[in-house]
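A quick write-up on the structure given underneath.
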Amino acid sequence: MDLTSKTIAGLSEMLQKRELTSKEAAGLYLERIAALDPSINSYITVTTESALADAEKADKRLASGTDITPLTGVPISVKDIFCTEGLKTTCASRMLEGFIPPYDSTVIKKLKDAGAVILGKTNMDEFAMGSSTENSAFGSTLNPWAEDRVPGGSSGGSAASVAADLCAASIGTDTGGSIRQPASCCGVVGLKPTYGRVSRYGMIAFASSLDQAGPLTKDVKDAAIMLGLMAGRDNCDSTSIDASVPDYAGSLQDNIKGLRIGIPNEYFIEGMDKETEGLVREGIKTLKDAGAVIVDISLPHTEYAVSVYYLVATAEASSNLARYDGVKYGQRVDIGSGLIDMYKATRDAGFGAEVKRRIMLGTYALSSGYYDAYYKKATDVRALIKNDFDEAFKTCDVIATPTAPAPAFKIGERTSDPLTMYLSDIFTISCNLAGLPGISLPCGLTEAGLPTGLQIIGKFLGEQDVLNTAYAYEQARGPITQKPKL
Ligand code: GLN
């Protein structure tokens, strides 16, 4: 087996036995990135120098045999939305050109403290707005399984870098599906934790009541390892939850006998891709055969989720993105006469089309006279969507659905019609609106060789149930033998 295709757990074992040094591991990934990434474009920045320095430090730690975590010396990639001290952070926007954060986001700090080696910053949709990574100022990322297709988004670079073995694992963010949908498109595991489980401090904000960071990994155990290291209360983020962090990886088990899995009929809709539906239903059968009890449930307000999301998310985005004015961060375009002209010119040149569209939609939804009709109404319906889940969880322990209605689409196929693009997230958005944890698992390839995803949604702080169900599925499904041909 190629070393670069190993899991975190697999690499960690070799590193701890000193069969491989962290520096050697980092070198292998960096070579592979140099050879393959020019065509896939999963990285915006490869941080060779600091990666090798991180690896050297990790090797000393490994040699000392103390303070070792499963991530010590393991090379990972991180979405370019996380502030990294001394390393350029772009959020895939021209707006942040030249921005070098003076501090690490909490998640980055935690992963570095655990001994992770950061290989670079991955490509994404600008400010995490999109489902295809086509809205990047640094060009599209290609899907490693089919280079004429998108990797999903917005964490498409992270998902592609894991699928193409250009890192052992990655981290992304998920506001409406941006970890799970690209994980599904690229055939990897992607976990969005409960809102507040992981600190948002230093993670560039898109929609603050929805944003959450999580891992993209090669298997479920790695997701459990990563989450355990990322999660926890942080005084720098008042929305982070003050609850102890379980040993997710240590508690992982595949006995799901009697576990009640709810299947919402609203998630198997007219017009969805038939092959995807078939593969997801097969996945559910695998869970049933492993001992789970399948129960029919209803999430009746699902049909409003996309509309609610595009009001709440754009409203919050319009406020969050007000800070990019050419004064505090990144680029400034100083033409015209005076401050207002400078703001206008900077924002016009700095933001891409989708970001501008969202700022306008959000500003409109919040404007006086429309606030009650749009934003307030959306937050009311959001409460109904959350309530649907509370009701459903009275009769089931976790919920299983498709992650996306279809496999990865062709590059360019949806760029001219934002609405069809928005519909890619139809099955992932409710989870964010309700603040619940969800995971996407690879559940087979279509005839054309494209990955599909099975989503497991859990209760508030129910990550362990989600991971255990996912682990049980993975064990029952057996190892994935196909790899993208690169
Ligand atoms: N695709 C969704 C959007 O465009 C979700 C993005 C995300 O989760 N960051 O907003």
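In each ligand, atom 1 is the first atom listed, and ligand 1 is the first ligand listed. FYI, the numbering just counts along the sequence from 1.
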Top protein contact for atom 6 (C) of ligand 1, by heavy-atom distance
S178 OG, 2.8 Å
Contacts under 3.5 angstrom, residues 368-377 side chains, donor-acceptor by atom type, not counting sequence neighbours:
from : atom 1 : to   : atom 2 : distance (Å)
K376 : NZ     : D380 : OD2    : 3.3

Which is it for S154 and ligand 1 at heavy atoms under 4.0 Å: side chain, backbone, both or neither?
side chain
Distance to 0.1 Å, residue and atom name: give those for the protein heavy atom nearest to atom 3 (C) of ligand 1.
Y310 OH, 3.3 Å
Run the numbers on I411 and E134 for side chain to side chain contact (heavy atoms under 4.5 Å, CB included), then give the verdict.
CA-CA 8 Å; I411 290 175; E134 291 166 295; 3.7 Å; yes
Give the intermediate values and the outcome of ring pair (Phe, Tyr, Trp, His ring centres under 6.0 Å) for residues Y324 and F127.
CA-CA 12 Å; Y324 304 106; F127 286 104; 5.0 Å; yes
Under a 4.0 Å heavy-atom limit, does R358 contact ligand 1 with its side chain, its backbone, both, or neither?
side chain
Distance-only N or O hit between ligand 1 and M129, under 3.5 Å:
no
Do the non-hydrogen side-chain atoms of D211 and T173 ever get within less than 4.5 Å of each other?
no
Ring-face cation contact, F268 with R281, 6.0 Å cut, 45° max:
yes
Kindly assign one of parallel, tilted or perpendicular to the pair Y103 and Y201, based on the angle between their ring planes and the thresholds 30° and 60°.
tilted
Consider ligand 1: state whether an atom of it lies below 4.0 angstrom from any non-hydrogen atom of A313.
no
In the protein, which heavy atom is nearest to atom 2 (C) of ligand 1, and how far is it?
D425 OD2, 3.1 Å
Selected option - heavy-atom contact closest to atom 5 (C) of ligand 1, from F206, Y309, F127:
Y309
May I ask you to list the atoms of ligand 1 that are less than 4.0 angstrom from any heavy atom of A128?
6 (C), 7 (C), 9 (N)
Could an N or O of ligand 1 be found under 3.5 Å from any N or O of S131, whether backbone or side chain?
yes
What atoms of ligand 1 come within less than 4.0 Å of a heavy atom belonging to G176?
5 (C), 7 (C), 8 (O)
Does F138 have R94 sitting over its ring (NZ/CZ under 6.0 Å from centre, angle to axis within 45°)?
yes
Decide whether D125 and S154 meet the rule of one side-chain donor and one side-chain acceptor closer than 3.5 Å.
no
Which of the numbered atoms in ligand 1 are under 4.0 angstrom from any heavy atom belonging to D174?
8 (O)
